[in-house]
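Notes follow once the structure below has been shown.
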There are 2 protein chains.
Amino acid sequence: MARTRRLNGQRPTLEDVARGSGVSKSTVSRVINGEGKVRAEVVERVREVVAELGYVPNSAARQLVTRRNNAIAVVASQPQNRLFIDPFFDLHLRGIRKELVAHGAQPVLLFLEEEEEYPRVGDFLGGGHVDGALLFSLRAGDPLPGMVERLGLPAVFGGRPLVRGGETVRDCVYVDADNRGGAREAVRHLVSLGRERVATVTGPYDQEASAVDRLDGYRDVLLDDAAPELIERADYTRRGGAEAMAALLDRRPDLDAVFVASDLMAAGALQALRERGRRVPDDVAVVGFDDLAPIAERTDPPLTTVHQDIEGMGRLMARLLFSRTDDPALPQPTAAEPGALSSVVTPTQLVIRDTA
Amino acid sequence: MARTRRLNGQRPTLEDVARGSGVSKSTVSRVINGEGKVRAEVVERVREVVAELGYVPNSAARQLVTRRNNAIAVVASQPQNRLFIDPFFDLHLRGIRKELVAHGAQPVLLFLEEEEEYPRVGDFLGGGHVDGALLFSLRAGDPLPGMVERLGLPAVFGGRPLVRGGETVRDCVYVDADNRGGAREAVRHLVSLGRERVATVTGPYDQEASAVDRLDGYRDVLLDDAAPELIERADYTRRGGAEAMAALLDRRPDLDAVFVASDLMAAGALQALRERGRRVPDDVAVVGFDDLAPIAERTDPPLTTVHQDIEGMGRLMARLLFSRTDDPALPQPTAAEPGALSSVVTPTQLVIRDTA
DNA sequence: ATGAAAGCGCTAACAT
DNA sequence: ATGTTAGCGCTTTCAT
C-alpha cells in the first residue's frame, strides 16, 4: 500500500509520518519518545509508518529544543599510534565504552594529534554535538581542560591533568589511581625484602602526573636514600625502560632492586638486566606498575607489579559524568563549592609474582 | 567594559553577539562564516564580542538549515582490541584522518563491537550528526552497507564489503587494493624461482573479501596444481599463521614455497618453519602480503611481500567521499548509473627482500 | 488522548 | 553593506 511518500529525495520528517498515519506531529513525537498517553492502536499505526518510511529522527532538530542528544565525546590527545600500542588505553577505553553504552549513550571518539586541531575540536565540543566529554591521555599543559571549562561542557578526566605554566584548571573532575600510594607499597616491598640500593625508572614526569606521583611515592619511602643517581627518567615505552635500566647499571653497578614505573618499561628493564647478566630477582629485584595482563604475566620471570583497575576507572569516569549530565538541575561543580561531584582516586594493589 | 552578558547561565547565542556589537544577527552570521561583504571595522567589533562572550556556534541549529555540519563518521565494526593490535588499521586510519582534517572536516570515530549496538549507531548516522561515513573492517554480511544505503548517507567503504546470504549491497563505493593481482604476482614470483610445490596460508575467506581475492589470485596462477592439501585457512593473526604453517608441513612435508596472505601470519609462519628446522628461503620460500614496515622489515630473514599503499587508500576513501558530499547537486550513485563516482582498486607491488 | 502553535539558534533569500 | 523575515524538524506548553 503506497502511502504518502517523500518524492523529492529528502529524508522523511515527523510531518511525513504524521500525514502518513493521520495524526498530528505531537502524537507521532509522543510515540517516538515512548511517552505513553497514546492509544495502543495509534501507536501501532505510527510505528508501521515509521518503519515503512524509514524515518529516523533528526537529532539536530531535537537537540535544538531538548539540549541533549545522547552522545558523549571521548577525547584523547596523544599521537594515535601511541594509543594503539598501549594496552592501558585499550582497557581504559573498553571500560568507558561499556558504561556509556549501558546508559544508552553513543560514544564518539575524537583523537587530537596536532596543535592546530584544537580549535576544530573545540568547536565540535561546544557545538552541541555531545552532552559531555570524557578526556584522557592529555599532554602536560593541555588546553583541553580550560576549553571545556569555558564551554561549560560537563567533563571528566582520566588521570589528573598536569598544569603547566600559569593557567590553573579550577575544579576539574578526574579519576585517577592512587599512583603515589601504589609506588610506596612497591618500594616498601623491595625494602622489606632487605634490598638496600633501590633504584627507580620513572615515567616522563615533565609530561604526566602519574609519573610525578609514582616518583613521589618512591621518595616517600626512601627519603634521603633516594640518591639522584638511582633515579632515571624514561618515557613509558619498552625501549625507554631498557635504556634507563642500562644507564642505572652503568652508574650504580651495585644496585639490588628497581622500581619501574610501568609494566611496559619493566619488560624492557628485564631485558636489559638479562643482557647484563643480572639474575632477577636474585641479583636485582624488580617491581613494575599497571599490572597489564598481556605484559606482566608473560615476562620472564613473571612480573611483580602494582595492580590498578583500569577498566573500572574507565567505567567510573562515565558514571561520574552521568551524575552530572543526567540531572541538568545540578549546578556546574566549577563553582566555589565542589558540589556532590568530585574527583576520585582508586586504590591500587601489589601483585607479587616472581621478580620481587 | 561590561557589555551585554548572558546572566541565565545559558551559552551565548548569535543574538547575544548581535546585541553586544550593535548589529543584526545576519551580519554576525556573515562574520562568523567569513562571507566578506562586511566592513572591516564591523568585523573586528563582532570578533571582539565573540571572544569576550566565548561564543561558539550551535551546530545543531546550523545543521538544521544547511544540512551539513562538517563532521564525518569513521566506523569500524570489529572488536576494539583487534583493531588496536593491527598496524594496518593504524595506517589506514591515519590516512583517513589526514585527508579529512585537510578538508576541514572533523573525524568522528565509532566502534561497533556488539550486535545490539547497530540500532544506536544507525540512529546516530541517520540523525544528521555527520555529513557522510567512511566504513571499514566490516564483518561479512555486515548490516552497515544496507543501513547507510537506506539512510541515503554518503558513504565509502574500505575493502569490498562481503555480502552474505540474500541482501545485495547495490552500488556501494569502496576502495580496495588489487588483492587478486597482488597474490598472482606473489605466486608467479615463487614459481619463477623454480618452486614446484607452492602452498598457501589464506585469510578468513568466509569473513573477508581480501582473503577470498588473495586465494583466487593464488589459484589463478597454479590452476590444477593448487591441490586442496596445499591450502590452509587461518585468521590473519600471527598465531593462526604459525598453526596453519605447521599443519601444511604435516600434510605436505615436501612443500618448497608458501604464499602467506598477510605479513602478520607470515611472521608466524616463519617461526613455525624455524621450529621445524626448515631454512628460509633455501628449503621453503615465503612471500607475505601487506608490507607493514614494523613487521616485514624485522622478520628473520626480512620478508618478501606484496606492498599496498594503506595510508593512501585511507586518503582516497576520504577524497571519494568528499567528491560526493561537497557537491550536493550530484546524484546519489546508488541509482542505476554509477555516476562519476565508483569504486577504486589500487595497485600492489611485490617487494623482494630475503625470504623468496 | 490528541492537536495547535510557539520557539530552540541558525542561515538564506529578499529587501533596502 | 546591512537588516528583516521565514523557516529547518523537532519538543513542549497549552487547549480541547
Out of curiosity, B:R47 CZ to B:Y55 OH, how far, rounded to the nearest 0.5 Å?
-> 13.5 Å
Taking N and O atoms by type only, does the side chain of B:S26 place a donor or acceptor under 3.5 Å from a partner on the base of C:dT11?
-> no
Is the closest basic N to carboxylate O distance between B:E117 and A:R97 below 4.0 Å?
-> yes
Nearest-Å distance, CG (B:N70) to P (C:dT11)?
-> 12 Å
Of all the choices, C:dT2, C:dC8, D:dT11, which nucleotide is nearest to the side chain of A:R39 once you look at every atom?
-> C:dT2
Charged N to carboxylate O under 4.0 angstrom, B:D123 versus B:R120?
-> no
Looking at B:V130, B:L109, B:L135, which one forms a side chain to side chain contact (heavy atoms under 4.5 Å, CB included) with B:V74?
-> B:L109
Rounded to the Å, how far apart are A:N58 CG and C:dC8 C1'?
-> 13 Å
Euclidean distance, atom CG of residue B:L64 to atom P of D:dT11 [Å, nearest integer] | 12 Å
Just how far, in rounded Å, is P of D:dA1 from CZ of B:R45?
-> 16 Å
Is any side-chain N or O of A:S29 closer than 4.0 Å to OP1 or OP2 of D:dC10?
-> no
Closest to the B:V65 side chain, choosing from D:dT2, D:dT11, D:dC8 | D:dC8
Over how many whole Å does the gap from B:Q63 atom CD to D:dG9 atom C1' extend?
-> 10 Å
Rounded to whole Å, the NZ-P distance (A:K37 to C:dG3) equals 16 Å
Measure from the side chain of A:V23, starting at C-beta and using heavy atoms only, and say which of D:dT2, D:dC10, C:dG3 lies closest.
-> C:dG3
Examine D:dG9: is either OP1 or OP2 under 4.0 Å from a nitrogen or oxygen in the side chain of A:T13? Give yes or no.
-> no
Short side-chain N/O contact to D:dT11 OP1/OP2 from A:N33, under 4.0 Å | yes
Separation of B:Y55 atom OH from C:dC10 atom P, in whole Å?
-> 3 Å
Just to confirm, is there a sub-4.0 Å distance from OP1 or OP2 of C:dG3 to any side-chain nitrogen or oxygen of A:T27?
-> yes
Distance, rounded to the nearest Å, where B:R19 contributes CZ and D:dG3 contributes C1' | 16 Å
Closer than 4.0 Å, any side-chain N/O of B:R67 to the OP1 or OP2 of D:dG9?
-> yes
Among the nucleotides C:dC14, C:dT11, D:dG9, which one has an atom lying closest to any side-chain atom of B:R30?
-> C:dC14
More 5' along DNA chain D: B:K25 or A:L14, using each one's nearest nucleotide?
-> B:K25
B:N58-A:R67 side chain donor-acceptor pair, cut-off 3.5 Å = no
